Protein chains: 2
Amino acid sequence: MQHFHRGHECRCPGFKMDRFVQPCMLLLLYEKPAHGYELMEKLSEFGFEDVSPDPAMVYRNLRKMEEEGWIKSQWETEGVGPAKRLYTITPEGEDAIHGWAVHVKRQLKRLKHFLERYEKIFNNT
Amino acid sequence: MQHFHRGHECRCPGFKMDRFVQPCMLLLLYEKPAHGYELMEKLSEFGFEDVSPDPAMVYRNLRKMEEEGWIKSQWETEGVGPAKRLYTITPEGEDAIHGWAVHVKRQLKRLKHFLERYEKIFNNT
DNA sequence: ACAAATATATGATAATAACATATATATGGG
DNA sequence: CCCATATATATGTTATTATCATATATTTGT
């Protein structure tokens with residue numbers, strides 16, 4: 001038996017949207033090359049306050065995107081702090097952003113329709 | 001190596017949002033009791049044209065929600081056509097709708113932020 | 001008699017998300 | 001000097017989800 005809401009805990013995995021950090025990180029990298037930790041913190045700008053900072057989410061998606069050829073990295077051993085990978089976006093990565101945008105628009109439409117219908121019924125504001 | 005876009009095929013699974021059909025079906029059932037096939041068709045209203053009609057998606061989610069106690073079903077052998085399960089929403093199911101609405105609002109915020117930022121950069125309309 | 005539409009259901013597998021954990025360096029305070 | 005904390009990256013494991021294919025049966029129209 002599955003439980004998506006037990007007590008105060010919420011178990012609606014479908015809306016955690018781990019994958020959505022990919023286009024978000026791509027946008028951030030398009031704006032400016034950065035390393036993982038930096039991206040992890042900046043994700044809060046996109047409304048991931050409740051999820052981040054989650055290193056696993058960020059680094060695993062960075063690896064995936066590098067495999068895809070959407071981003072590339074180089075080690076930075078100079079400067080303060082431990083060695084870091086500096087990520088930059090590739091032309092393929094830019095294409096991917098546009099691909100994601102299509103899905104985002106479609107999903108936005110779905111969510112809006114749901115909310116309109118929901119509020120019509122339950123009269124919420 | 002993973003490929004989310006091969007040729008014309010799109011492989012962005014994160015945005016297919018199978019789980020999102022749950023709150024949509026709950027809303028439909030709140031409006032009026034229905035059976036699976038009916039729900040499957042009505043899902044297009046929520047913008048699932050590209051996914052539905054997908055029997056697996058609909059029936060499996062209905063089973064899950066019945067396990068959760070959000071909906072209940074009874075066989076209808078009378079009337080035209082093959083036997084069908086008539087689903088009705090429970091009070092727990094109504095609670096679940098409100099729970100989902102919270103996630104939908106949060107996700108909507110994220111998607112909007114992404115799109116605003118995206119369009120600011122690429123000047124799309 | 002047969003095709004198509006209606007209706008429900010599941011098996012198998014690929015992909016994702018969630019959680020815990022491991023690692024190392026640097027910095028500031030006591 | 002030592003320790004806690006912040007910085008920084010990385011992976012193993014397991015649970016959950018999504019996708020695709022397929023199975024079943026009834027009814028309606030031709």
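Quick note on labels: first sequence line is chain A, next is B, and so on, each numbered from 1. Since we're looking at a predicted model, the values are computed, not measured.
Taking atom CE of A:Met57 as the reference point, atom C1' of D:dA10 lies 15 Å away to the nearest angstrom. Distance, B:Glu38 CD to C:dA7 P: 8 Å, rounded to whole Å. Residue B:Asn61 contributes atom CG, which lies 9 Å from atom C1' of D:dT17 at whole-angstrom precision. Rounded to whole angstrom, the span from the CZ atom of B:Arg63 across to the C1' atom of C:dA7 amounts to 13 Å. As a whole-Å value, the separation of B:Met65 CE from C:dA9 P is 13 Å. One interatomic measurement links the two molecules: NE2 of A:His35 to C1' of C:dT25, which rounds to 13 Å at whole-angstrom precision. Protein atom NZ of A:Lys64 is 15 Å distant from nucleotide atom P of D:dA10, rounded to whole Å. Separating the CH2 atom of A:Trp75 from the C1' atom of D:dA8 is a distance of 8 Å, rounded to the nearest angstrom.
In this structure, A:Phe20 has its ring center under 6.0 Å from that of B:Phe114.
Distances were taken from every side-chain heavy atom of A:Arg19 (C-beta onward) to each of D:dA18, D:dA8, C:dA17; the shortest belongs to C:dA17. Proximity note for A:Ala56 (side chain, C-beta onward) versus C:dA20, D:dA10, C:dT8: the nearest is C:dA20. Comparing D:dT9, C:dG11, D:dT11 against the side chain of B:Arg60 picks out C:dG11 as the nearest. The side chain of A:Pro55 sits closest to D:dA10 out of C:dT6, D:dA10, C:dA9. If you check D:dA10, D:dA8, C:dT6 against the side chain of A:Arg85, the one that comes closest is D:dA10. Side-chain proximity of B:Glu41 to D:dA10, C:dA9, C:dT6: nearest is C:dT6.
In this structure, B:Tyr59 does not reach the C:dA9 phosphate: none of its side-chain N or O atoms is under 4.0 Å from OP1 or OP2.
A donor-acceptor distance shorter than 3.5 angstrom exists from the side chain of B:Thr90 to the backbone of B:Trp70, with no hydrogens or angles considered. In this structure, B:Gln107 contributes its side chain and A:Leu111 its backbone to no donor-acceptor pair below 3.5 Å.
Classification of the A:Phe122-B:His98 ring pair by plane angle, with boundaries at 30° and 60°, yields perpendicular.
In terms of heavy-atom proximity, B:Arg85 sits nearest to B:Ser73 at NH1-OG, 3.2 Å.
In this structure, the salt bridge (Lys or Arg N to Asp or Glu O under 4.0 Å) partners of A:Glu38, at least two apart in sequence or on a different chain, are A:Lys32. B:Arg117 pairs by the salt bridge (Lys or Arg N to Asp or Glu O under 4.0 Å) definition with A:Glu31, A:Glu45, not counting sequence neighbours.
Rounded to 10 degrees, the angle between the two end axes of the helix from C:dA1-D:dT30 to C:dG30-D:dC1 is 10°, with five pairs used at each end.
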